[in-house]
Structure formats: structure tokens, C-alpha cells
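Whatever order the structure lists them in is the order used to number ligands and atoms, beginning at 1. Because the structure is predicted, anything quoted here is derived from the model rather than measured.
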Amino acid sequence: MSRKVTKAIFPVAGLGTRFLPATKSIPKEIMTLVDRPLIQYAIDEARAAGIEEFIFVTSRGKGALEDYFDHAHELEATLKRGGKNDLLDILRGTNMDSGAIAYVRQHKAMGLGHAVWCARRLVPENESVAVILTDDVIMGEPPCLQQMIEAHGETGGTMVATMEVPMEKTKSYGVLDVAEDMGAIVKAKGLVEKPKENPPSNLAVIGRYILAPTVLQNLNKLREGAGGEIQLTDAIADEIVEGREVFGLRFRGQRYDCGSKAGFLQATVAFGLERDELRDEFLDYLNEVVSMQRAAE
Ligand code: UTP
């Protein structure tokens with residue numbers, strides 16, 4: 001059995017150019033699905049999986065993200081005075097324990113691998129660490145990272161979340177070369193970042209990882225990969241070259257690519273429909289819109 005995973009890295013230092021002009025002043029991770037910022041979904045998933053220490057890799061212009069985790073004492077007192085206990089509970093649910101969050105800075109957006117490498121000194125040398133990309137919001141029960149930590153408890157090694165995508169979309173993802181397909185878990189014999197041609201499979205890597213300590217050491221090479229960026233996928237692929245095991249977990253759940261506008265809109269609809277207080281009104285509206293669109297065609 002591998003050691004418990006209690007730390008997670010949240011790389012949030014990307015430029016978020018697909019959401020310009022919003023991301024000119026708002027960090028992408030603060031954008032909201034219904035009423036919760038993307039980062040809150042990621043934190044809730046990590047907590048559910050037993051994560052106790054949260055490491056954010058931030059960058060210039062991400063101050064609002066750091067502020068989000070401060071306790072809002074005045075607001076709490078006002079809600080308390082007004083007897084607004086439901087809202088108070090929601091607000092308190094976002095509070096983080098003192099010392100549970102650490103921030104490191106990525107001075108230049110040099111790729112996801114580089115962002116994770118920036119956090120290397122905060123992870124003890126013998127500990128596996130989770131990585132969560134807040135762009136990938138996953139609706140699943142149990143939450144995706146919990147599924148992964150349970151599976152990783154059996155397999156050890158490094159584990160990535162994976163899902164089938166259409167072959168023509170593989171060029172946008174890290175893709176697994178499968179050595180052994182055991183159903184929910186696959187063992188990889190290789191990983192390729194954004195293959196331009198001949199993808200080894202249609203199993204794409206999604207933004208959840210449990211990294212063996214050696215992956216952070218592999219990142220020390222700071223080797224440029226696809227798109228001239230330092231790729232996490234390459235450091236994971238090095239594990240296989242060096243004889244260590246890498247697995248993919250076909251997680252149960254629906255993933256939304258909130259780094260893209262279409263994915264973000266889809267997630268807004270899905271999470272809106274999940275809310276008891278919104279469902280009926282929202283569904284009526286959606287049906288009306290669809291009927292009007294059909295009639296106009
Ligand atoms: P993306 O590839 O989605 O890039 O990064 P991005 O900059 O966030 O967005 P676009 O493409 O310009 O719209 C995937 C994840 O990796 C982080 C991002 O913050 C995001 O969570 N990342 C990426 C970093 O932290 N640093 C980097 O240098 C690159």
C-alpha cells in the first residue's frame with residue numbers, strides 16, 4: 001500500500017487567454033459556475049478526498065484568488081446579526097484552516113510541468129502529491145480525486161485521470177499508450193502530449209493526477225516539450241522509461257472543460273440544473289429557448 005496522499009498542488013498561474021477580456025482583471029479560477037468560483041469546486045473535491053494541505057502556484061494578477069480564501073469576519077458578523085444562518089454556513093464552508101494553504105509564484109507561464117515544479121520544495125521528497133487543474137470541473141460521486149486516491153491505494157505508482165475522447169480530439173490532450181487494460185484502471189506503457197498524428201489511443205489525460213515523488217525530480221530537467229512548454233506529461237512519461245508504473249483511471253463522472261467557453265457554458269447549465277431551487281425555472285427557460293431556436297430554423 002502506498003502512503004496517504006494529503007497534499008495537493010493547484011497550478012493556477014496560466015494566462016487564461018481564452019477568456020479575455022474577462023481574465024484581464026479576473027483570475028479564471030474566480031469565475032463562477034452558478035454562485036461558486038471554479039476554485040471552490042476544486043477545493044471541495046480535494047477536501048472530500050482527504051487532502052489537508054493546499055499548494056497554489058499563482059502568478060501576477062492573481063491577488064483576488066488569494067483574497068478569496070481569507071475569512072470574511074465582518075460579513076460573517078453581519079449575517080449572524082441578521083439571522084441569515086444558511087448564508088453563514090455557505091460562507092463558513094469556504095473558510096480554510098490557518099496554515100493549510102501555501103502559495104508559490106510561477107514568474108513566467110512556462111507550462112504546467114514548470115508550474116508543478118515551482119511547488120517542489122513544499123512537497124517532502126518521499127511523498128506522493130495530487131495535482132488538480134481547476135479548469136476541469138468534474139461532477140461525480142464519489143468525487144474524482146477520491147476515486148483516484150482509492151485506486152492509487154491499490155496500485156501505487158503515478159496515476160492520471162483518463163477518459164475516452166473522439167480520435168480527432170486527441171491532439172488537444174495528453175494521450176495514454178496502453179500496456180494493459182484492466183477495465184477501470186489501465187496501465188500505461190507511454191504518454192504523449194498533444195500528438196499531432198498517430199495517437200497511441202483515444203484515452204485522454206484529464207486534469208487530476210497523483211504523482212509519485214520521482215515525477216517532481218524528473219521535472220528538474222526542465223525540458224521543453226509540445227508547444228515549447230515544460231510539460232507535466234513528459235515528466236510522467238519519464239517514469240515509464242525509468243521502469244516505474246503509471247496508471248490511468250477511467251473515473252466515473254462527467255467532466256466539463258471550463259478552460260474553454262463552450263465547456264464553461266455547458267457546466268453552467270449542468271450545475272444550474274443540479275440546484276433544487278433553480279431547476280424548474282431554469283429548465284422551463286431552457287425549453288423555451290430551444291423551442292424558439294427550432295422555430296427560427
Ligand atoms: P491551460 O493550458 O488551460 O492554459 O492551462 P491557461 O493559461 O490557463 O489558459 P489559456 O489556454 O491561455 O486560455 C492548464 C492549467 O495549467 C495552469 C493553468 O493555470 C491551468 O490551470 N498553468 C498552465 C500554469 O499554472 N502555468 C503555466 O505556465 C501553464
Under 4.0 Å from ligand 1, counting heavy atoms only, is it the side chain of Asp135, its backbone, both or neither?
side chain
Side chain, backbone, both or neither: which part of Pro11 comes within less than 4.0 Å of ligand 1 when only heavy atoms are counted?
both
What protein heavy atom sits nearest [atom], and how far away is it?
{"atom": "atom 1 (P) of ligand 1", "result": "Arg18 NH2, 4.0 Å"}
{"atom": "atom 28 (O) of ligand 1", "result": "Gly111 N, 2.8 Å"}
{"atom": "atom 22 (N) of ligand 1", "result": "Gly14 N, 3.7 Å"}
{"atom": "atom 25 (O) of ligand 1", "result": "Ala13 N, 2.9 Å"}
{"atom": "atom 12 (O) of ligand 1", "result": "Thr17 OG1, 2.5 Å"}

For the pair Glu242 and Lys221, evaluate salt bridge (Lys or Arg N to Asp or Glu O under 4.0 Å) and give the outcome as yes or no after the intermediate values.
CA-CA 14 Å; Glu242 285 164 25; Lys221 295 175 199 155; 3.8 Å; yes
Would you say the side chain of Gln254 lies within less than 4.5 Å of the side chain of Met163, judging by non-hydrogen atoms?
no
Side chain proximity check, Arg244 to Thr158, heavy atoms < 4.5 angstrom
no
Short list, please: which atoms of ligand 1 are under 4.0 Å from a heavy atom of [X]?
{"X": "Gln106", "answer": "24 (C), 25 (O), 26 (N), 27 (C), 28 (O)"}
{"X": "Met110", "answer": "28 (O)"}
{"X": "Leu15", "answer": "6 (P), 7 (O)"}
{"X": "Leu112", "answer": "16 (O), 29 (C)"}
{"X": "Lys28", "answer": "3 (O), 6 (P), 8 (O), 9 (O)"}

How far apart are the closest heavy atoms of [X] and [Y], and which atoms are they?
{"X": "Met96", "Y": "Arg47", "answer": "SD-NH2, 3.3 Å"}
{"X": "Asp136", "Y": "Arg208", "answer": "O-NH2, 2.6 Å"}
{"X": "Glu239", "Y": "Asn218", "answer": "OE2-ND2, 2.8 Å"}

Geometric N/O contact [X] with ligand 1, under 3.5 angstrom:
{"X": "Gly16", "answer": "yes"}
{"X": "Val57", "answer": "no"}
{"X": "Gly259", "answer": "no"}
{"X": "Ala115", "answer": "no"}

For ligand 1, is His114 a contact, meaning one of its heavy atoms is under 4.0 Å away?
no
Does the ring centre of Phe69 sit less than 6.0 Å away from the ring centre of Phe54?
no
Answer yes or no: is there an ion pair linking [X] with [Y], defined by an N-O contact shorter than 4.0 Å?
{"X": "Arg105", "Y": "Glu66", "answer": "yes"}
{"X": "Asp181", "Y": "Lys187", "answer": "no"}
{"X": "Lys28", "Y": "Asp135", "answer": "yes"}

Qualifying residue for ring pair (Phe, Tyr, Trp, His ring centres under 6.0 Å) with Phe271, from Tyr41, Phe264, Phe282
Tyr41
